[in-house]
Amino acid sequence: MKKYTEYKGLNLPEVDKEILKFWDENKVFDQSMNNRKDAPTYVFYEGPPSANGKPGIHHVMARTVKDLFCRYQTMKGKLVERKGGWDTHGLPIELSVEKELGITKEDIGTKITVEEYNTKCRETVMRYKDMWDDITVKMGYWVDLDDPYITFKNDYIESVWNLLKRLYDNGYLYKGYTIQPYSPAAGTGLSSHELNQPGCYRDVKDTSAVAQFRVIKNEDAKFLFDHADEDVCFIAWTTTPWTLPSNTALALGKKIDYVKVSTYNAYTGKPVSVILAKALIKKWFKEGADELDFDAYQQGDKKIPYRIAAEYKGEQLVGLRYEQLLPYQQPEEGDAFKVLHGNFVSTSDGTGIVHIAPSFGADDMMVGKQNGMGALTLVDKQGKFTDNVGEFSGRYVKNYKDNPDYKNVDIDISIKLKTENKAFNVQKYAHNYPHCWRTDKPILYYPLDSWFVKTTKAKDRMVELNKTINWKPAATGEKRFGNWLENLQDWNLSRSRFWGIPLPIWRTADGAEEKCIGSVADLQAEVAKSVEAGHMDAQIADDFDLHRPYIDNIVLTSSKGEPMKRELDLIDVWFDSGSMPYAQWHYPFENEEKFKANYPADFISEGVDQTRGWFFTLHAIAVMCFDSVAYKNVVSTGLLQAKDGRKMSKRLGNTVEPFKALDDYGADAIRWYMMSNSAPWENLKFDLDGVEEVRRKFFGTLYNTYSFYALYANVDAFYNKETSVPLAKRQEIDRWVISLLNTLKKEVDEDYANYEPSRATRKIMTFVDEHLSNWYVRLCRRRFWKGEKNEDKIAAYQTLYECLTTVAKLMSPVAPFFADFLYKNLNDATGQEAFNSVHLADFPVVDESVIDKDLEQRMNYAQRISSLVLSLRKREKIRVRQPLTKILLPVLDKAFREQVEGVKDLILSEVNVKSIEYITDTAGIITKKIKPNFKTLGRKLGKHMKSAAQVVAGFDQDIIAQIEQSGSYNFEVDGESIPLTLEDFIITSDDIEGWLVANDGPLTVALDVTLTDDLKAEGIARELVNRIQNIRKNKDFNVTDRIKVSIESHDALKPAIEQFGEYIKDEVLAVSLDLKAGVQGAEEVDLVDGLVVGILVER
RNA sequence: UCCGAUAUGGCGCAAUUGGUGAGCGCGUCCGCCUGAUACGCGGAAGGUUGCUGGUUCGAGUCCAGCUAUCGGGACCA
C-alpha cells in the first residue's frame, strides 16, 4: 500500500520542478484538453508578445491572469484551447536591428539591401524565444507553443490581406494625408516613438512674429469699424514665421473675450486697431500706455499709447474675413482667409488668436478640414520654399544643409512684414522644440501621404457593440475605452518602413486606377494578366514571400494596360495583432469550422495600456469586417510597479528579475501574491517580502496541515477506504468545517466566474489559515493521535481529507504546482479519484444541504467566547494550563443559550475551564447598555434620528429592562408616537457586578478565577505533561514511543502526581511515572513561578 | 490641457454598496499557546479616511471644486 509522502520541509521551487517533470512526462496539459474534446468551448485569445525583448516580471502577472481563468474553465468542464502567438513585425524590431548593424533608415536599400535587412529582422525577432519559452514553462503558464501563430508567416499575411480587402471593398480604406513630424534633413517622417527619445525636445531661440491680418470691411464686419478709413487687424503670434505665406485661416475661441485696441504700429507709426484676447493686453502693451496722449505720439517712442475701443465675444468674430497676409499663392480649393473657432485656442500664450497653416500643424489641419478650408504647402520635402514664393523661392526655412552663409528666413520675412505695415511685434523667443534624433536639425510638421481606415464610419456600431462586452474593471470599458471610441479619429495605417505586412494596393502612376489584393490567388491572377501585358516576365510561386522587397517587384496591369505599382507603405503592426482571431487559423482560406467554433473569444486579458492597442484593433476589425465583437469578457490588468510605487526601470535599479524570483520563491507564491494582494486591474506594488509572507502564511500553513494529516494518517493507515461516516454522526466541529468548506466552494466558484481572483484567493487563505488550521485542526488534534481508529477518528480523517482535496482544487487555477502536489500526495495514496492530476479534476460542486449558517454562527460564538476568556486570563496572569472552575455568560436571547450549549465542550477545552454558568438578569447583577440600531431605526425616524439617539443614550437600566420584557417602545416626537420594536435597539451586557468581565460586541464573559488546591494540582500536572512532551520532542522520540518518566521529588509536585498520575502517564504515553529523590541524568526544567524540577525521560 | 484610475495608521490592503466605537495583515514592543520545522492567540503603540464645501437624521462610501501620484491622449501656435 502506498503511504502518504512525508516531507522534511516545504520547498516550493522543488515542488515546481517535481510537478513540471510530472506534467511533462504525462502530458497533463494535453490530457486536460483531450478529456474535454467534445465539451463546449471556452475561447481564449493570446495577445502575442514580441520575442524581441526579454520577458519581465510584469509578464508573469499578466499571464497568471490569463492562465488561471483558462484552468478554471477547464475544471468547469469546458474545452479551453490556448493557441500561442508571436508578434514579429514593427518599429522596435527595426530599430534594434538598425542599432545592431550601425545603420540608419536611409542606409536601407543603399548600404544594405532590403532583402538583407529583412532577413536580419526575421532572425532577430525571435531572439529571446528560448527565454520566453523558459519562463512560460517555469511560471506554469499553459499555452500551446508547439503550433503558435506567427505574424510574419505568409499564411498570416494572406489572412490580413483578406481583411484589408474586405475593408477596401466596403469603402473603409482611403488615401489622404496627415501632418506628421518630418525631418527634412533626413528626408523621413518620424514616429512618435522617435520623437520621444531623450534629448529630442530642446530649448531654442527663434524669431517670433505677431502679424497683423487686415479685416475685410464687408456687411458682417461693419460693427468692428468706428470710421470709414479705420485699419482693423487681427493679430496672431507665431514662432515659425516661415509658415505665414501658407496661412489660410485664423482661429480663436468662441467663449474667449476679445477687445479692439486703438494704437500705433511700432514699426511704421501708423494708427491701427488690433483685435486680441482681453486677457493678453498686458502682454503686448506697456503699463500706463493707455493713459498717454494719442496726439503726442511720435514714431519711435518707447511707450505707444493705446485705448480699448470695444469688446467682443469670440463668437461674434467667427466667420469674418481678412486679407491674405503674403499673397504669393492662392489655395486651389476651399474657402480660405476666414476666422474660425478652434477648441484648442487658449489665452496662455500669444494673442488668443492662432495663425492657421493647415499643412504645417496637426491642429491646423484638423480645424481646416472641419471648416472646409483650403491649404497651402509652400515648402517642399527638402525643407525649402517652393518656386512660387516670390523672393523667398528656393530658400531653406531652416539651415538644413549646414550652409555657413545661411540667412535666416524667419528674420527676412519679419523684416518684410515690418516694412509692409503687417508686423505688430517681432522678437526673439525661447521655447522647446523637437529635433530629429539623427541629424540634430529641427523637425517640421509636414503633410505626408497615408492610407487610412475610416474607423469613424463604424464609430456608432463600435460604441454600441462595446456595451455588450464585459469589461473588468467596468470603468475601463465604459469610460476609458468608451470615451476613446466616442472621439475616434480615422486610423492611420501607413508606415514607411521595411519589415512588416505590405499594403496590398497597386496603383497606376496617375492614381486613376487602383487594385486591392485579397489573397495570393488573386495576386497570381493579376500577375498572369501582367505577364500577358508584358509588365512582368513570369508568374510568381505559390510560396512567394509576401514581404518587401519581393512584393515591390510585382507590377500589375491596369484595364488600359498601364503598369501599376504597389503603394510602398507597410501597415501598422497593430493591425497584425488585431487580425489574430482570423489569421491564426489562416481564415478564410482554411479552417473555416475551427474559426467559427473559436469566434468570438470568451476571454482576453492584457495590460491596460492595450486599451488603445490590441483591445481596440481587435474590436475595430471585428466590427468593421464581421459586425461582431471579438471578445465577450476582457480583463485589463494594471501596472506592475516597484515596491516604492515607482516604475520599474533598469536605470533606477529597482527591477525584479523574473527568473531569479521564480527560482527563489517558486511560481505559486508569486502568482498567489499577485492575485491576492489586490484586484488585477489595480496597480501592484511588487514586493518580494510580500511573496515571502504568502509563502509562509498560506503555503506554509497548508503544507503543515497536510504534514499533520500525513503523519497520523500513515500511523493509522487511513486511506479513506472506510465507508464515509454520515455527517449526522460526525462531531459538531466536523459539520462546521464542512459547512464552511461548501460556502467556500460556492463563493470561490462565483468569484472565478466573475473574474475576481483576489476575492477568491483571499477567501481560500482565510479558510485555510483561520478555520482549517487554527481552529479545526488545532481543536481536533487529539482526535488524530489519541486512541483507537474508531468511527470518530475516521470521521476526523475524512473531514480533513475532504477539506484538503477540495482546497487543492479550489486553489489550483492560481497555484497550479502546489495544488497538484497536494492533490497528488493525497489522491495517489487513497486512489479516491481517477485523475492523476488536480488539473484533470472537476471543479468542486457545492452541496447546499450541508451549509448550516446557524452552526457557523455557533462556532463563531465559540471562537469569540474563547478569545474573551483568554484575554481575561491574560489580564489576571493566569496561564492557560491552569484549569479554572467556571465561566459566567449573560444570556443574550433564547437561541443564544442553545447555541453556546452546542459548542460548550469546545470552549471549555480550548480555554481550560470546567463549566459554563448562564445568567439571566433576574439577579439584577448585569449592567446593560443600549444603543439605537441605526439601520432599522433610521428608516423609521428619518430626521428625528438625532434626537432619538440622545433620548436612547439617556435610558437607564429600568427602561432597558422594560424594553426587553415588552419588546416594544413608543417613541414620542413632535406630538407623534412612533412604535419601535426590540429590533430597533442593540442591547448589550456591559458589566457583571463583582466579576471580571470582557466584552466583544454583544458578547460578555465573566471568569471565576478562584483557585482551589485541586485546581492547582491539576495545573501542575498539565505543566508536567507539557515539559515531558517537550523533552520527548527534543530527544526525537517517535510519537508512538512508550516512555519511562522519573521526576526529582518535590513537595509541590506530590498532590499533582497523586491525583493526576494516571492522566499524565496517559497523555505522554508513559509506562511508568516515578517521583523519587536523586534521579540520575535528569533535566532541570522551570515548571511554574520559579519552581525548578528535574525530569528524566527514557525510552 | 483633456480623459481615466488612485488617495484609508510606518508599509500593503478591507469596510456587506449610505447605518455610526474605521477592520485585517506586515512591521515594532510585551506576554502566551503549540504532540504541527507552520501558524496562531492576548495586550500595547499607531487614523481629523488627501483638502474644502455640499446633500442627508447619518458620509470612508453620494455630489461639486481643488491637490497629489500614476497611466493614456492632445498640444507646445
Side-chain angles (χ1 to χ4, degrees), chain A residues 7-10 201 208 236-240 243 251 342-346 348-351 353-357 360-364 431-434 473 475-476 479-481 483-484 487 608-609 611-612 638-639 641 643 645-647 676-678 681-685 687 689-690 693 696-705 707-709 711-712 758 762 766 768-770 773-775 777-778 781-782 784-786 866-867 870-875 877 879-881 931-939 941-949 1025-1026 1029-1030 1032-1033 1037 1039 1067-1069:
Chain A
Y7 297 86
K8 286 236 157 63
L10 175 62
Y201 276 83
S208 74
W237 176 62
T238 180
T239 55
T240 53
T243 60
N343 56 11
F344 50 86
V345 179
S346 75
S348 59
D349 271 321
T351 62
I353 299 173
V354 178
H355 141 64
I356 301 290
F360 302 112
D363 264 347
D364 304 43
H431 65 151
N432 204 252
Y433 197 82
T476 300
K479 302 275 180 73
R480 197 176 171 145
F481 194 61
N483 289 352
W484 160 258
N487 300 315
V608 67
D609 49 318
T611 313
R612 286 143 170 83
L639 255 74
Q641 303 167 320
K643 66 177 173 186
R646 288 191 296 180
K647 209 189 256 191
S676 62
N677 190 69
S678 56
W681 40 87
E682 305 278 4
N683 292 349
L684 174 65
K685 292 177 189 115
D687 187 357
D689 290 344
E693 190 187 325
R696 262 189 12 243
K697 250 180 88 96
F698 178 62
F699 290 98
T701 304
L702 188 52
Y703 159 79
N704 231 46
T705 308
S707 297
F708 174 86
Y709 170 86
L711 177 65
Y712 293 107
S758 54
R762 284 172 185 178
T766 305
V768 166
D769 199 37
E770 283 178 25
S773 171
N774 280 301
W775 193 252
V777 174
R778 179 182 155 90
R781 273 179 304 212
R782 297 176 68 90
F784 293 93
W785 55 262
K786 281 289 278 190
S866 301
S867 168
L870 291 173
S871 92
L872 286 170
R873 278 182 173 275
K874 160 77 188 175
R875 216 192 293 166
K877 293 192 167 45
R879 58 192 68 231
V880 179
R881 288 197 205 91
K931 208 171 70 168
N933 181 354
F934 284 91
K935 203 162 188 173
T936 65
L937 211 51
R939 272 182 215 125
L941 297 181
K943 60 177 125 175
H944 301 307
M945 204 51 230
K946 217 167 215 167
S947 52
V1025 169
N1026 171 255
Q1029 299 289 29
N1030 286 346
R1032 280 186 67 120
K1033 203 166 155 188
F1037 290 1
V1039 289
E1067 285 292 310
V1068 303
L1069 299 183

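In this structure U17(B) sits in the syn conformation; its chi angle is within 90° of 0.
Rounded to whole Å, the P atom of G21(B) lies 50 Å from the corresponding atom of A74(B). Distance check on atom P: U61(B) versus A77(B) gives 43 Å, rounded to whole Å. Spacing between G53(B) and G27(B) at atom C1', rounded to whole Å, works out to 38 Å. As rounded to the nearest Å, G46(B) and U28(B) have C1' atoms that lie 10 Å from one another. Atom name P, nucleotides G12(B) and G18(B): the rounded distance is 27 Å, in whole Å. Between C63(B) and C76(B), the two C1' atoms lie 35 Å apart (nearest whole Å). Using atom C1' as the reference point in both A22(B) and C75(B), the two lie 44 Å apart (nearest Å).
When base pairs are accepted only as Watson-Crick or G-U wobble with both N-N or N-O distances under 3.5 Å, RNA chain B takes part in stems of 3 or more pairs at B:1-7 with B:67-73, B:10-13 with B:23-26, B:28-32 with B:40-44, B:50-54 with B:62-66.
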Please write out each protein N/O paired with an N/O of nucleotides 38-42 of chain B under 3.5 Å, distance rounded to 0.1 Å.
from: A38(B); atom 1: O2'; to: Gly700(A); atom 2: O; distance (Å): 3.1
from: A38(B); atom 1: O2'; to: Thr701(A); atom 2: N; distance (Å): 2.9
from: A38(B); atom 1: N9; to: Asn704(A); atom 2: ND2; distance (Å): 3.2
from: C39(B); atom 1: OP1; to: Arg696(A); atom 2: NE; distance (Å): 2.9
from: C39(B); atom 1: O2'; to: Asp769(A); atom 2: OD1; distance (Å): 3.1
from: C39(B); atom 1: O2'; to: Asn774(A); atom 2: ND2; distance (Å): 2.5
from: C39(B); atom 1: O2; to: Asn774(A); atom 2: OD1; distance (Å): 2.7
from: G40(B); atom 1: OP1; to: Lys697(A); atom 2: NZ; distance (Å): 2.7
from: G40(B); atom 1: O4'; to: Asn774(A); atom 2: OD1; distance (Å): 3.4
from: G42(B); atom 1: OP1; to: Ser867(A); atom 2: OG; distance (Å): 2.5
from: G42(B); atom 1: N2; to: Lys874(A); atom 2: NZ; distance (Å): 2.9

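Between Thr238(A) and A77(B) there is no side-chain N or O to OP1 or OP2 distance below 4.0 Å. OP1 or OP2 of G21(B) has at least one side-chain nitrogen or oxygen of Lys931(A) nearer than 4.0 Å.
By the salt bridge (charged side-chain N to carboxylate O under 4.0 Å, His left out) test, Asp687(A) pairs with no residue at all, sequence neighbours left out.
No contact: Lys643(A) has no heavy atom under 4.0 Å from any strand.
In this structure, the CG atom of Asn677(A) is 15 Å from the C1' atom of U6(B), given to the nearest Å.
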